[in-house]
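Working notes, beginning with the structure itself.
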Amino acid sequence: MTTTPTALTAETLLEGLNDPQQQAVRHEGVPLLVVAGAGSGKTRVLTRRIAWLIAVRKAHPGSILAITFTNKAAAEMKERVSELVGNRARMMWVSTFHSSCVRILRKEVEHLGYERLKSNFSIYDAQDQKRLIQLVCSDMELDPRRFQPGPILHWISNHKNELRGPDEVAAEARNSIDETYAAAYKSYQRRLREANAVDFDDLIMETVRLFQLKPEIRETYRRRFRHILVDEYQDTNHAQYALIHQLCGQDLEEHDPTTLDGLPADRVPPAELMVVGDADQSIYAFRGADIRNIMDFEKDFPDARTILLEQNYRSTQTILTAANAVIERNEGRKPKRLWSDAGDGEKIVGYVADTEHDEARFVSTEIDALTDQGLKPSDVAVFYRTNAQSRVFEEIFIRTGLPYKVVGGVRFYERREIRDALAYLRMLVNPDDQVSLRRILNTPKRGIGDRAVLAITMFADRERITFWEALQRAAEAPGLATRSQTNIEGFVAMVVELQQMVAAGERPDVVLETVLDRSGYLASLEGSDDPQDATRVENLGELVAVAREFAEDPVAAPSADPADVDAGLVEPGLADFLERVALVADSDQIPDAPADDAADPDAPEDQGVVTLMTLHTAKGLEFPVVFLTGLEDGVFPHSRALGDKPELEEERRLAYVGITRARQRLYISRAVVRSAWGAPAHNPGSRFLGELPIDLVDWRRTEADQTRWTRPSYGSSDDYSGNRLGAPNAAGRRNFSSAAARADAAAKSKPSRPIPVLAPGDKVTHDSFGLGTVVAVEGAAEKSVASIDFGSDGVKRLLLRYAPVEKL
DNA sequence: AATTAGTTCATTTTT
DNA sequence: TGAACTAATT
């Protein structure tokens, strides 16, 4: 296909699209919902439609607002549209909800009516929020047992997503706990604003509030955005939904006539709206996503039209049939069946392992076999429900020499040194940012300890000045040691000097390097003998590189908004860099599609690596081969979801997402025994396994194949679920709070303790000694004792009844 | 101020 | 089990 914009015609834009896809591209007028099943080419539809709007319907690019959920998706979409329509695409707003809202808020903050909130506000992420709420809690002298940061923040976030401010919530508090929470919410908000900061949820909530407060401002944006497209609509929360309505709703005025004040008489008709999503892939309810937004679209927009995309261009029919079969179990779901003309392909391969180690070994061996058949490790992904499950795979993969990469876990921008460095930069841009300021005040150690901080805090409170102002007037603070005062003065002098540098418009990377140097931060790491600190220095080098790249080419950097650059908004400064970093976080996380780039000719064996990740992070990705692991009730579906229908349905959608990531081959596996929190637990197979059509799965190994155990003569039942393996050691008796332990307790009534039947020469594993070979066995059944050679750990005599030994 | 020994508590996390 | 946080020690 040609990429020359001049050759762009209606025909080329519809080329290669199926009928419903074409309809979605051509649609005009009423609100449109595109229900896009997994792999049905929705990104293609979105990009073609945008190009269509510009090229065929002559829409001004600046009148287009396209919302995605990740910056990566935004950057990709912008890129693809640019390929179609060329430079004109620069004027579009293609960004996340959060980025769009930041742009609006930075411009309009003063209309919000917060005294301290200015356009250089900081954006607080989860970690910053936690620090702030901790300050609030200690301020309120809350019992740290009953009121923990996590739950409070979650509670606040829920309310913000529902657009409920602190006063509203306080008014509705029904008990003392709610009242305390509401008070914490109020204090948290107050401190946020005092710090000239907002959190992620505020970005949306405050934008909605802005539009409510100032209808004329809302009107200017309604006027500007004539075409609004929202991707991943099933993941929107209520606040985001409200925002869309403010921009597109045709009947908003009737709902709320009081907001009409100040509206120009010549109001514009609502923008053309298209939302794209798939209710079956809604897996973020726990973060406030409200599946009703997409389910009720036709109700919310009565004249709406719906287009279904069911043809899948990614997977084999076998995989799709499996996915359909699972998701159909969800109730109240709108019917949709994915289909493919790619043929049935391979059967799904199933495997029941004895333990999670065996499961990982199976995966490893199988990947080995696949690579022998010409597949690259980068074609393979291993999915699991929780991050903790990655460990076993890592252990085994390291042992077998299989290259891999874990996606998720500790992200680059969450590392301590990166956050420290960014905290310096943030407080330079916004000295009111107390969280950042407190973070680096004594990092590295410069003799400003808790006592000094306390004295300054009290002084600031009494004088009703900010923390930073109090630091500058440290000499007046009562109860401050002279030594601390000297140290603070040194710190203030350094900050002032750095601030001048920023004010002079110095490049972000240069500021960063100076900060690291002048603060002594880098020196303190370099002087350390902790090997971790060497890595930290490297990471900081990386951050400087990121800043440099940004300074030199902000457009090429991920998710840049060229409209800003075009608009002659000077060259990006430190504040812009911080904003990018705050909202983009980790584009380097997910390895790009198996790179064909001959970037490194010195690495001919570059076959890429196997990708390990949670099912949640897998959303939106695809791989030729997928291993779906840990399919056990209590693991996946997660134990917390077992008793709750909506949650169980969300787990099922997660399974659906996982299955539909696979293009050619899908493996499903589970472990009969899995060690959770130290104690081995016996998990029954996932209910989702039973929902797969049996003829689609080729079971390589089943429960019946598992290592034989002597069954107690009185326990003839096939049902082994709930049995605990090995000795009821100290570890095993702890932790009766978890669901796994509860299942275990329920099983206690059944007297049975499987004892492995061993013979000399057998290979076994022991929980603490590892791999061993049986040398001799004495006694029978309950009294059998085996002598086992564990290599470097020597030969042990073990009473099989108690020893955590497994036959291999 | 920094190390260390206890204690607690364990989903998922696009921004 | 083990990481992550707190409290107590030197």
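Everything numeric in this text was worked out from a predicted model, so none of it was measured. Convention: sequence-line order gives letters A, B, ...; per-chain numbering from 1.
The side chain of Tyr284(A) lies closest to dT14(B) when the candidates are dA10(B), dT12(B), dT14(B). Among dT13(B), dT15(B), dT11(B), the nucleotide with an atom closest to any side-chain atom of Thr617(A) is dT13(B). Comparing dA2(B), dC9(B), dT13(B) against the side chain of Lys445(A) picks out dA2(B) as the nearest. Listed nucleotides: dT14(B), dT11(B), dA2(B). Nearest to the side chain of Asp235(A): dT14(B). Comparing atom distances between the Arg640(A) side chain and each of dT12(B), dA10(B), dT13(B) picks out dA10(B) as nearest. When the nucleotides dT14(B), dT12(B), dA10(B) are ranked by their closest atom to the side chain of Thr70(A), dT14(B) comes out on top. Side-chain atoms of Thr96(A) lie closest to dT15(B) of the nucleotides dT1(C), dT12(B), dT15(B).
Listed by residue number, there are no residues of residues 389-396 of chain A with a heavy-atom contact under 4.0 Å to DNA chain B.
Using a 5.5 Å limit on the distance between ring centres and a 30° limit on the angle between planes, the aromatic ring of His638(A) counts as stacked on the six-membered base ring of dT11(B). By the 5.5 angstrom centroid cut-off and the 30-degree plane limit, Phe286(A) is classified as stacked against the base of dT12(B).
At the heavy-atom level, Glu651(A) lies under 4.0 Å from base atoms of the strands shown. When heavy atoms are screened at a 4.0 angstrom cut-off, Gln134(A) is found touching no nucleic acid atom at all. As judged by a 4.0 angstrom heavy-atom cut-off over every strand, Gly449(A) is placed among residues touching the sugar-phosphate backbone only. Within the 4.0 angstrom heavy-atom criterion, only backbone atoms of the sugar-phosphate kind lie near Asn387(A); the bases stay farther away.
Taking the six-membered ring wherever Trp is involved, the centroid distance between the rings of Tyr384(A) and Phe627(A) does not fall below 6.0 Å. Aromatic ring centres of Phe69(A) and His98(A) lie farther apart than the 6.0 Å criterion allows.
With the nearest nucleotide of DNA chain B identified for both Phe69(A) and Ala641(A), Ala641(A) has the one nearer the 5' end.
Between Tyr185(A) and Trp155(A), the ring planes are perpendicular. Angles over 60° get that label, and only those under 30° would be called parallel.
The CD1-P distance, from Ile204(A) to dT14(B), rounds to 15 Å in whole Å.
In terms of polar N and O atoms assigned as donor or acceptor, the side chain of Arg287(A) comes within less than 3.5 Å of the base of dT13(B) in a complementary pairing.
Phe121(A) carries Arg106(A) over the face of its six-membered ring, with the cationic atom under 6.0 Å from the centre and within 45° of the normal.
Formation of a donor-acceptor pair under 3.5 Å by the Thr617(A) side chain with backbone atoms of Met613(A) is not found in this model.
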